[in-house]
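All values reported here derive from a predicted model rather than from experimental measurement. Below, chain A is the first sequence line, B the second, and so on; all start at residue 1.
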Amino acid sequence: MFALIDCNNFFVSCERLFLPALREKPVVVLSNNDGCVISRSNEAKAIGVPMGAPMFEIRDLLKREKVHSFSSNFQLYGDISNRVMQILQRFSPEVDVYSVDEAFLDLSGTPDGKFEEVGEDIRRTVLQWTGIPVSVGIAPSRTLAKLAAGISKKQGKTFLLIEEETLREVRRRTPVEDIWGIGRKLSASLRMAGIGTAEELANTNETWIRQKYNVMMQRKVLELRGIPCESGEHESSGKNAIMASRSFGTPLTKLEDVQEAVTSYTARASRKLREQQSVARVVSVYIQTNRHNPRERYYANYQMVELPSYTDDTAEIARFAREAMKKIFVPGLRYKKCGVTLMDFAPAGNFQQSLLDDAETVLKRQRQHQLMLVVDKMNRKLGGDTLKFGGEGIAQKWTAKSEHCSPRYTTRWKDIPLVN
DNA sequence: TCTGGGGTCCTAGGACCC
DNA sequence: TCTGGGGTCCTAGGACCC
């Protein structure tokens with residue numbers, strides 16, 4: 001049996017923790033660059049603020065309805081998320097953190113008949129210890145647990161999707177679009193084939209669906225019947241790719257400015273790489289102009305580079321990343337966004353050295369590695385950007401807009417709230 | 001004027017091997 | 001005239017997720 005724990009309107013809920021006056025008020029959290037809406041309170045949903053709505057389209061609506069909007073504060077959300085996930089560990093030895101606001105729990109140790117009790121215990125404990133309201137869905141497969149959590153969110157209590165009767169009823173009421181893993185394309189295709197509900201999908205012939213689609217769809221069918229097929233392991237061995245990308249606050253036209261951003265994003269990606277104790281052999285950079293502006297030519301390109309050796313050294317990776325960017329940068333365009341991706345990982349401290357490295361190079365690499373560890377340590381202790389690379393620039397005119405960001409209440413000493 | 005960021009998994013098809 | 005069969009590995013790209 002699986003439980004899916006889902007934090008309700010997570011980013012908004014995080015913001016409300018420290019401003020209780022905003023409870024029952026319409027609140028939204030904006031994406032990076034204050035570009036569009038990525039989290040909405042129930043009140044904001046009721047007013048009709050769509051998910052993903054671009055700011056410039058709904059600015060008037062937000063103002064008229066007195067909606068409180070926040071720039072995204074991922075340090076805060078990340079920290080609150082960790083606290084929630086830690087609490088969940090008490091309820092199961094197998095916690096699969098699926099995203100910042102969701103986790104699957106393996107409840108096979110829980111006796112039948114106790115599921116509802118456990119679910120309510122989870123909801124109560126998380127709310128009391130962190131202030132975050134969560135939904136809990138319990139079912140024999142992950143796909144069904146997702147469906148159950150959706151119902152839990154509406155009902156405000158744990159929802160069990162276990163009994164045959166309930167199962168059939170819920171599946172009948174669930175359009176294929178609402179099934180986890182069935183997106184726009186697949187649902188359109190299923191509807192063409194005359195399959196419109198979860199119940200209909202669950203009742204299709206297994207081999208037929210496998211032939212017409214693929215194993216994923218076959219697994220979906222089984223999962224909907226209550227036979228678990230999706231595997232967990234989302235946090236076990238670190239990521240297979242690490243990406244850092246941002247839209248620029250204003251369009252950039254000069255290579256030097258883009259290079260600053262590339263260096264800065266490389267620093268961020270490399271830090272994550274070291275955190276998960278990996279080294280990378282491939283770095284890829286990309287750049288693009290504004291996709292939505294019909295009056296300007298849209299240009300997007302990327303370049304992948306193999307590094308001379310596995311490494312986690314920001315300086316070395318940045319050198320290659322900047323070189324790669326030079327190759328795809330076309331002068332005369334207004335760039336909107338760029339990004340850096342690290343790929344092809346090996347565990348740090350246990351990887352193939354390059355044949356070409358002589359003793360001196362190996363020593364140099366080790367010293368560089370030590371240096372990076374010190375940089376990371378200082379930045380952890382004294383705050384994000386205490387030590388930066390010169391290449392990241394000082395003025396950084398490309399940094400994203402963030403006009404309504406709340407304090408880092410829980411991760412920066414000077415932002416910790418005072419109680420009078 | 002203004003539209004996020006960071007991931008995963010799967011498949012098809014090409015290169016290559018014996 | 002007639003030109004096999006069975007693999008592996010890699011990559012690009014699509015679809016999906018939150």
Novice: Taking only side-chain nitrogens and oxygens of A/Ser31, does any of them come within less than 4.0 Å of OP1 or OP2 of B/dT3?
Specialist: no
Novice: Hey, does the side chain of A/Ser152 reach the backbone of A/Ala148 with a donor-acceptor pair shorter than 3.5 angstrom?
Specialist: no
Novice: Would you mind reading off the distance between A/Phe74 atom CZ and B/dG5 atom P, rounded to a whole angstrom?
Specialist: 9 Å
Novice: Assign A/Asn240 to base, sugar-phosphate, or nothing according to its heavy-atom contacts below 4.0 angstrom with the strands shown.
Specialist: sugar-phosphate
Novice: Where does the angle between the aromatic ring planes of A/Trp398 and A/Tyr265 fall among parallel (under 30°), tilted (30 to 60°) and perpendicular (over 60°)?
Specialist: perpendicular
Novice: Check whether A/Gln303 reaches the backbone of A/Ile328 with its side chain - one donor and one acceptor, N or O, closer than 3.5 Å.
Specialist: no
Novice: Give the rounded distance in Å between these two atoms: NE2 of A/His404 and P of B/dC2.
Specialist: 17 Å
Novice: Please work out if A/Ala400 contacts a base, only the sugar-phosphate, or nothing of the nucleic acid, heavy-atom cut-off 4.0 Å.
Specialist: nothing
Novice: Expressed in angstrom and rounded to an integer, what is the separation of A/Arg246 atom CZ from B/dT3 atom P?
Specialist: 15 Å
Novice: Within the distance-only criterion (no hydrogens, no angle test), does the side chain of A/Asp6 pair as donor or acceptor with the backbone N or O of A/Val134 below 3.5 angstrom?
Specialist: no
Novice: Does any N or O in the side chain of A/Asn379 come within less than 3.5 Å of the main-chain N or O of A/Thr386, such that one atom is a donor and the other an acceptor?
Specialist: yes
Novice: Where the side chain of A/Ser81 meets the backbone of A/Val100, is there a donor-acceptor pair that is under 3.5 Å apart?
Specialist: yes
Novice: Report yes or no: does A/Gln276 contribute a side-chain atom to a donor-acceptor pair with the main-chain N or O of A/Lys239 at less than 3.5 Å?
Specialist: yes
Novice: From CZ of A/Phe11 over to P of B/dG4, roughly how many Å is that when rounded to an integer?
Specialist: 15 Å
Novice: Once you round it to whole Å, what is the distance between C1' of B/dT3 and CZ of A/Arg334?
Specialist: 15 Å
Novice: Assign a letter to each nucleotide of nucleotides 6-18 of chain C from its 5' end: B, base within under 4.0 Å of a protein heavy atom; S, sugar-phosphate only; -, no contact.
Specialist: ---------SSSS
Novice: Distance between the C1' atoms of B/dG4 and C/dC17, in whole angstroms?
Specialist: 14 Å
Novice: Hey, does A/Arg268 reach any base, or is it just sugar-phosphate, or nothing, if we go heavy atoms under 4.0 Å?
Specialist: nothing
Novice: Any side-chain N or O of A/Lys336 under 4.0 Å from OP1/OP2 of B/dT3?
Specialist: yes
Novice: Ignoring backbone atoms, test whether A/Lys337 places a side-chain nitrogen or oxygen under 4.0 Å from the OP1 or OP2 oxygen of B/dG5.
Specialist: yes
Novice: Regarding A/Lys272, tell me which of base, sugar-phosphate or nothing describes its non-hydrogen contacts under 4.0 Å with the strands shown.
Specialist: sugar-phosphate
Novice: Rounded to whole angstroms, how far apart are CD1 on A/Ile242 and P on B/dG5?
Specialist: 18 Å
Novice: State, with a plain yes or no, whether a side-chain heavy atom of A/Met343 is found less than 4.5 Å away from one of A/Thr341.
Specialist: yes
Novice: Check whether A/Gln89 reaches the backbone of A/Val95 with its side chain - one donor and one acceptor, N or O, closer than 3.5 Å.
Specialist: no
Novice: Between B/dC2 atom C1' and A/His292 atom NE2, what is the distance in whole Å?
Specialist: 10 Å
Novice: Which of residues 52-70 of chain A sit near DNA chain B, with a heavy atom under 4.0 Å from it?
Specialist: A/Pro54, A/Phe56
Novice: Side chain to side chain contact (heavy atoms under 4.5 Å, CB included) for A/Tyr299 and A/Ile287? Distances and angles first, verdict last.
Specialist: CA-CA 8 Å; A/Tyr299 170 80; A/Ile287 190 164; 4.2 Å; yes
Novice: Compute the bend angle of the helix from B/dG5-C/dC18 to B/dC18-C/dG5 from the end axes (five pairs per end), rounded to 10°.
Specialist: 10°
Novice: Spell out, as yes or no, whether a donor-acceptor pair under 3.5 Å connects the side chain of A/Asp415 to the backbone of A/Arg408.
Specialist: yes
Novice: By nearest nucleotide on DNA chain B, pick out whichever of A/Arg219 and A/Tyr286 is the more 5' one.
Specialist: A/Tyr286
Novice: Quick check: on DNA chain B, is the nucleotide nearest A/Arg295 upstream (toward 5') of the one nearest A/Asn214, or the reverse? Name the residue that is more 5'.
Specialist: A/Arg295
Novice: Would the distance check show the side chain of A/Asp312 and the main-chain N or O of A/Arg274 forming a donor-acceptor pair, the cut-off being under 3.5 Å?
Specialist: no
Novice: Output the single nucleotide from B/dC2, B/dG5, B/dG4 whose closest atom is nearest the side chain of A/Asn290.
Specialist: B/dC2
Novice: Is any side-chain heavy atom of A/Val340 closer than 4.5 Å to a side-chain heavy atom of A/Val262?
Specialist: yes
